[in-house]
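Quick note: numbers below take in every heavy atom, side chains included, and nothing from hydrogens, waters or symmetry partners.
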Amino acid sequence: MSEETKSSAPPPGGEPKPPADKPSAGTVQSTPSEKMSPSSEKPAATSSEKPAAAASEKPAAPVEKPPVAAKPAAPATAGAEAKAPASPAAAAKPAAPAKPAGPAPVPWESPLVSRLRTRHGSGVIEASTYLGQNYLVLESSVTLETLQVLHEQEGFDYCVDITAVHYPKREKPFDLVWILYSFAKNDRLRVKTMLADGESFPSSYPIWPTANWLEREVYDMFGIKFDGHPDMKRILLPETWEGHPLRKEYGITQQDSKWVQINLGIESGQ
């Protein structure tokens, strides 16, 4: 037999084995680099194993989260509603000061005031101007003499009015007020003094005859009597009327019911 025939003949007792350097059909021989490590079942993945998938997949857009500081603080008590912080502008705003009821009087300085202060000293309690109107506040003990000086030496020849104001909570609750006018100077002046309840004052009728009716009105409305008046009686209400309507304790709808019943024959004049 030839050498070629010898080599292809099967060995005795079985099929011939393929040569060692040729793999048998259906068998895939792995390379040394593809051998798995003894500690893992699968080969370690490399960065070059899935190039297509890595190129096609886009990374997800990052979700922006608000900063922690921008979130309101959680309420201290469970279940309580969070209250909005107070406005800084409102908290810093100071309280508005109380506004006065009107313009404040300002001191009045003049040669007339200087002469009266020289004559009566502390008897001139105040000399001020309010809304362009000059006034004096005098002690009652020097008021009548001052009125005479104003008429005879300072030219205040006209007594425009005499009235009163009631302040029931004050120690001396009545202001007695004279409003005087000087034709020669075209000047107006108010003179005030304070009286206790029940206190009378000398009549200025001898100085200004028009004081006759003006003082009677003050007596009728406030109950202040003027000593030396020639006819000290009511001028608006009947002589038997009880009370003086311009005192603060006299109600706005108050009336002398007894007088109304007797003289008018009715229960009420309202």
Verify the cluster assignment for [X] and [Y]: are they in a single hydrophobic cluster under the rule of side-chain heavy atoms below 4.5 Å apart?
| X | Y | answer |
| --- | --- | --- |
| Trp108 | Leu131 | no |
| Ile207 | Val160 | no |
| Ile162 | Leu236 | yes |
| Tyr205 | Leu180 | no |
| Met194 | Leu176 | no |

| said: Holding to salt bridge (charged side-chain N to carboxylate O under 4.0 Å, His left out), I want the full list of residues that pass it with Lys169, two or more places apart in sequence or in another chain. | reply: none

What pair of heavy atoms forms the shortest contact from [X] to [Y], and how long is it?
| X | Y | result |
| --- | --- | --- |
| Pro206 | Ser203 | CD-O, 3.5 Å |
| Thr163 | Val218 | CA-CG2, 3.8 Å |
| Gly123 | Val142 | O-CG2, 3.8 Å |
| Pro245 | Leu237 | CG-CD1, 3.6 Å |

Using a 3.5 Å cut-off and no angle test, enumerate the donor-acceptor pairs between side-chain atoms of residues 147-156 and protein atoms at least two apart in sequence or in another chain.
residue, atom, partner, partner atom, Å
Glu154, OE1, Arg115, NH2, 3.0
Glu154, OE2, Arg115, NE, 3.1
Glu154, OE2, Arg115, NH2, 3.4

Heavy atoms, side chains only, cut-off 4.5 Å: are [X] and [Y] in contact?
| X | Y | result |
| --- | --- | --- |
| Val191 | Val177 | no |
| Arg234 | Arg216 | no |
| His244 | Tyr250 | no |

| request: Would you please name every residue forming a ring pair (Phe, Tyr, Trp, His ring centres under 6.0 Å) with His166, sequence neighbours left out? | output: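 Only Phe174 meet the ring pair (Phe, Tyr, Trp, His ring centres under 6.0 Å) criterion with His166.
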
| said: Holding to ring pair (Phe, Tyr, Trp, His ring centres under 6.0 Å), I want the full list of residues that pass it with Phe201, two or more places apart in sequence or in another chain. | reply: Trp178

Applying side chain to side chain contact (heavy atoms under 4.5 Å, CB included), name anything that partners [X], two or more places apart in sequence or on another chain.
| X | result |
| --- | --- |
| Leu246 | Met221, Phe222 |
| Val165 | Tyr167, Asp175 |
| Pro105 | Ser128, Tyr130, Tyr135 |
| Thr210 | Cys159, Trp208 |

| field | Validation row, ring centre Tyr219 to ring centre Phe226 under 6.0 Å | value | no

| said: With side chain to side chain donor-acceptor pair (under 3.5 Å) as the rule and sequence neighbours excluded, what pairs involving residues 183-201 come up? | reply: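 Sorted result for residues 183-201: Gln133-Arg190, Thr143-Thr193, Tyr181-Asn186, Asp197-Arg247, Ser200-Asp227.
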
| task | Name all residues meeting the side chain to side chain donor-acceptor pair (under 3.5 Å) criterion together with Asn134; count only those two or more places apart in sequence or in a different chain, and write none if there are none. | result | Thr129

| His229: side chain to side chain donor-acceptor pair (under 3.5 Å) partners, not counting sequence neighbours | Asn212

| query | Just how far is it from atom CD1 of Ile235 to atom CG of Asp231, taken to the nearest 0.5 Å? | reply | 9.0 Å

| query | In Å, rounded to the nearest 0.5 Å, how long is the span from CG of Leu144 to OG of Ser204? | reply | 7.5 Å

| task | Starting from the C-alpha separation in whole Å, work towards a yes-or-no answer on side-chain contact (heavy atoms from CB on, under 4.5 Å) for Lys172 and Leu195. | result | CA-CA 5 Å; Lys172 291 187 175 183; Leu195 299 178; 6.0 Å; no

